[in-house]
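Have a look at the structure below before the remarks.
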Amino acid sequence: MTRALIIGGGPAGLMAADMLSSAGHAVCVAEAKPSVARKFLMAGKSGLNLTKDEPFAQFLSAFSDASPTLRPMLEAFGPKEITAWAEALGQEMFTGSTGRVFPTVMKASPLLRAWLARLAAQGVDIKTRHRWVGMADGYVFDTLQGRVEMTPDVVILACGGASWARLGSDGAWAGFSDLPVVPFQPANVGFVVNWSSHMAKHFGAPVKSVALHAGQHSVRGEFVLSETGVEGGGIYAISRALREGAPLTLDLLPDLSEDEVRRRLARPRGKASLSNHLRKTLKLDAVKQALLMEFGRPLPDDLVGLLKNLPVQLQGPRPMDQAISTAGGLSFDALDDTLMLKDRPGTFAAGEMLDWEAPTGGYLLTACFATGRWAGLSAARYLDALSAA
């Protein structure tokens, strides 16, 4: 009989399976899709940023309200531990100039293959095309052979959030389970802008070396103009504040003070057009000039205020399924310190299905690994206690 059932074959679920199986327990992973870790593999297409090497206090602050709850899990399995874990699976790692940590091969598949081989050697049974659809006396799944029910001793829910449904994270579990769920919201998501036709030629262009401000939150970075609006790392880093209604403003010249911008603009313009004057005196490129015209017209005589604090009119976030991740999910109030459901002994939860959010840049994967490990170790101790009773 399967003693431990893990629902969801993403990073959190596989890490929980690793912990349980290495402790000698029989483990089954039930995955709805034809293969596991599809979102993890998609992350590998942009290099697989596994974690971020930075001081722990700074790293922890990225998790905002959830920081106190996640702290012990991230202290136990944080950036250094994840890097060592990947190296132990045969992956050479490197740290970029911003502290982001990647496999040298810049993809996920070699790491996943090595990890799955280890899980197979530890006896983990991965059942694909097993979609969790409900609970009766046990856990009920739709499979190609019809409905099946499992009655394990412990369960770890690692069902994912509610974005990228085609990769498996559709949030359907929140609809049929009786779990206490904080409503899902898009996180790490682009925002809609109703562009004028003049902006079309700039779609796909990066906006580099800017400071983005949303209420009390600021970040230096870059983002991309798309046909539907704005997206990319700089936007994602402040997406929570933007989602909650903070206005977006841009400092197009973050390395220059207002006085320096004003001094440079005061240089004789001669017969040069405004565009050439901005380019020559401030090195303001075509994309930034386009944004200035889009959101600053009619232009005032003194451009300094707009160049240093340009308001960008957003129409709200893109649909949730287009978000990289989601906020909301299973409430931490329903869990004890071991990530076990308080009203359902023997059932644990981990990963993105929990109510936390963080920006891209290694934080998301780190917390998925860390919570999966924590839940797996907790479930192993629970099984050991059952055996000893």
Side-chain angles (χ1 to χ4, degrees), residues 10-12 14-15 18-19 37-64 66-67 70-118 187-188 206-212 217-224 231-240 254-255 324-325 350-352 356-374 376:
L14 294 179
M15 185 61 77
D18 202 346
M19 297 301 101
R38 291 192 164 200
K39 200 171 180 181
F40 181 71
L41 289 171
M42 179 62 75
K45 292 191 174 182
S46 58
L48 191 64
N49 180 191
L50 270 182
T51 189
K52 190 167 186 185
D53 184 10
E54 62 186 2
F56 183 74
Q58 183 178 346
F59 186 86
L60 185 64
S61 69
F63 298 91
S64 190
S67 295
L70 293 175
R71 182 183 189 110
M73 304 167 207
L74 294 169
E75 285 179 331
F77 201 68
K80 288 182 173 57
E81 290 78 13
I82 286 176
T83 301
W85 166 81
E87 289 172 340
L89 284 169
Q91 306 306 300
E92 183 179 342
M93 308 296 290
F94 79 95
T95 303
S97 59
T98 61
R100 296 186 179 195
V101 181
F102 300 85
T104 301
V105 295
M106 295 294 284
K107 55 185 178 180
S109 52
L111 174 58
L112 181 60
R113 282 196 299 270
W115 195 11
L116 291 177
R118 181 164 80 186
N188 293 300
V207 183
K208 298 184 176 183
S209 300
V210 292
L212 302 92
H217 301 273
S218 299
V219 63
R220 283 285 297 265
E222 62 182 73
F223 62 96
V224 176
E231 57 190 64
I235 294 294
Y236 302 155
I238 55 172
S239 62
R240 178 175 181 173
D255 294 320
I324 291 176
S325 60
E352 200 184 333
W356 59 273
E357 65 177 303
T360 57
Y363 304 104
L364 290 168
L365 274 175
T366 299
C368 285
F369 287 131
T371 56
R373 177 182 179 274
W374 193 267

Check your understanding: Who are the ring-ring contact (aromatic ring centres under 6.0 Å, His included) partners of F223, not counting sequence neighbours?
Key ->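 By the ring-ring contact (aromatic ring centres under 6.0 Å, His included) rule, F223 matches no residue at all.
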
Is there a side-chain contact between [X] and [Y] (heavy atoms, below 4.5 Å)?
X    : Y    : answer
V101 : F94  : no
M15  : W115 : yes
R220 : D255 : yes
R118 : D18  : yes
F40  : C368 : no
I238 : H217 : yes
L365 : L48  : yes
L74  : F59  : yes

Exercise for review: Check the pair R71 / L60 against side-chain contact (heavy atoms from CB on, under 4.5 Å), numbers first and verdict last.
Suggested key: CA-CA 7 Å; R71 182 183 189 110; L60 185 64; 3.3 Å; yes

Quick one: does any side-chain atom of [X] pair with a main-chain N or O of [Y] as donor and acceptor, under 3.5 Å?
X    : Y    : result
T371 : G351 : yes
Q91  : L89  : yes
T51  : T366 : no
N49  : T360 : no

Practice item. Write out all pairs satisfying salt bridge (charged side-chain N to carboxylate O under 4.0 Å, His left out) with one or both partners inside residues 356-372, taking only residues at least two apart or from two chains. Key: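 Of all non-adjacent pairs touching residues 356-372, those that pass salt bridge (charged side-chain N to carboxylate O under 4.0 Å, His left out) are R240-E357, R243-E357.
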
Roughly how far, to the nearest 0.5 Å, is [atom2] of [Y] from [atom1] of [X]?
X    : Y    : atom1 : atom2 : answer
Y363 : S61  : OH    : OG    : 7.0 Å
L50  : L364 : CG    : CG    : 12.0 Å
E352 : I324 : CD    : CD1   : 10.5 Å

Counting only pairs under 3.5 Å, give me each side-chain donor-acceptor contact of residues 104-111, with atom names and distances, residues two or more places apart or in other chains.
{"unit_1": "T104", "atom_1": "OG1", "unit_2": "E92", "atom_2": "O", "d": "3.1"}

Ignoring hydrogens, what is the shortest heavy-atom contact between [X] and [Y]? Give both atom names and the distance.
X    : Y    : answer
L212 : G221 : CD1-N, 4.3 Å
F102 : G47  : CD2-O, 3.3 Å
P254 : S209 : CD-O, 3.3 Å
L14  : A37  : CD1-CB, 4.3 Å

Review point. Looking just at side-chain N and O atoms, do S325 and N188 make a donor-acceptor pair shorter than 3.5 Å?
Key: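 Looking only at side-chain atoms, N188 and S325 do form a donor-acceptor pair, the distance falling under 3.5 Å.
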
Exercise for review: Kindly write out the residues that satisfy side chain to side chain contact (heavy atoms under 4.5 Å, CB included) with M42, not counting sequence neighbours, or none if the list is empty.
Suggested key: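 Residues passing side chain to side chain contact (heavy atoms under 4.5 Å, CB included) with M42: K45, W164, R166, L167.
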
Practice item. For E87, enumerate each residue passing the salt bridge (charged side-chain N to carboxylate O under 4.0 Å, His left out) test, keeping only those at least two apart in sequence or located in another chain. Key: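 Salt bridge (charged side-chain N to carboxylate O under 4.0 Å, His left out) check on E87 returns nothing, list empty.
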
Practice item. Could you walk me through whether T83 and T95 pass side-chain contact (heavy atoms from CB on, under 4.5 Å), step by step? Key: CA-CA 10 Å; T83 301; T95 303; over 6 Å; no

Exercise for review: Give a yes or no on whether a salt bridge exists between E81 and R373, defined as a side-chain N under 4.0 angstrom from a carboxylate O.
Suggested key: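 Salt bridge flag = no for R373 with E81.
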
Check your understanding: Can you check side-chain contact (heavy atoms from CB on, under 4.5 Å) on M19 and W374, steps first, answer last?
Key -> CA-CA 9 Å; M19 297 301 101; W374 193 267; over 6 Å; no

Exercise for review: List for me each residue that meets side-chain hydrogen bond (donor to acceptor under 3.5 Å, both in side chains) alongside K52, sequence neighbours excluded, and say none if there are none.
Suggested key: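 In terms of side-chain hydrogen bond (donor to acceptor under 3.5 Å, both in side chains), with neighbours along the sequence ignored, K52 is linked to no residue.
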
**Study point:** W85 and F369 aromatic centres sub-6.0 Å
**Key:**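 Between W85 and F369, the centre distance is under 6.0 Å.
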
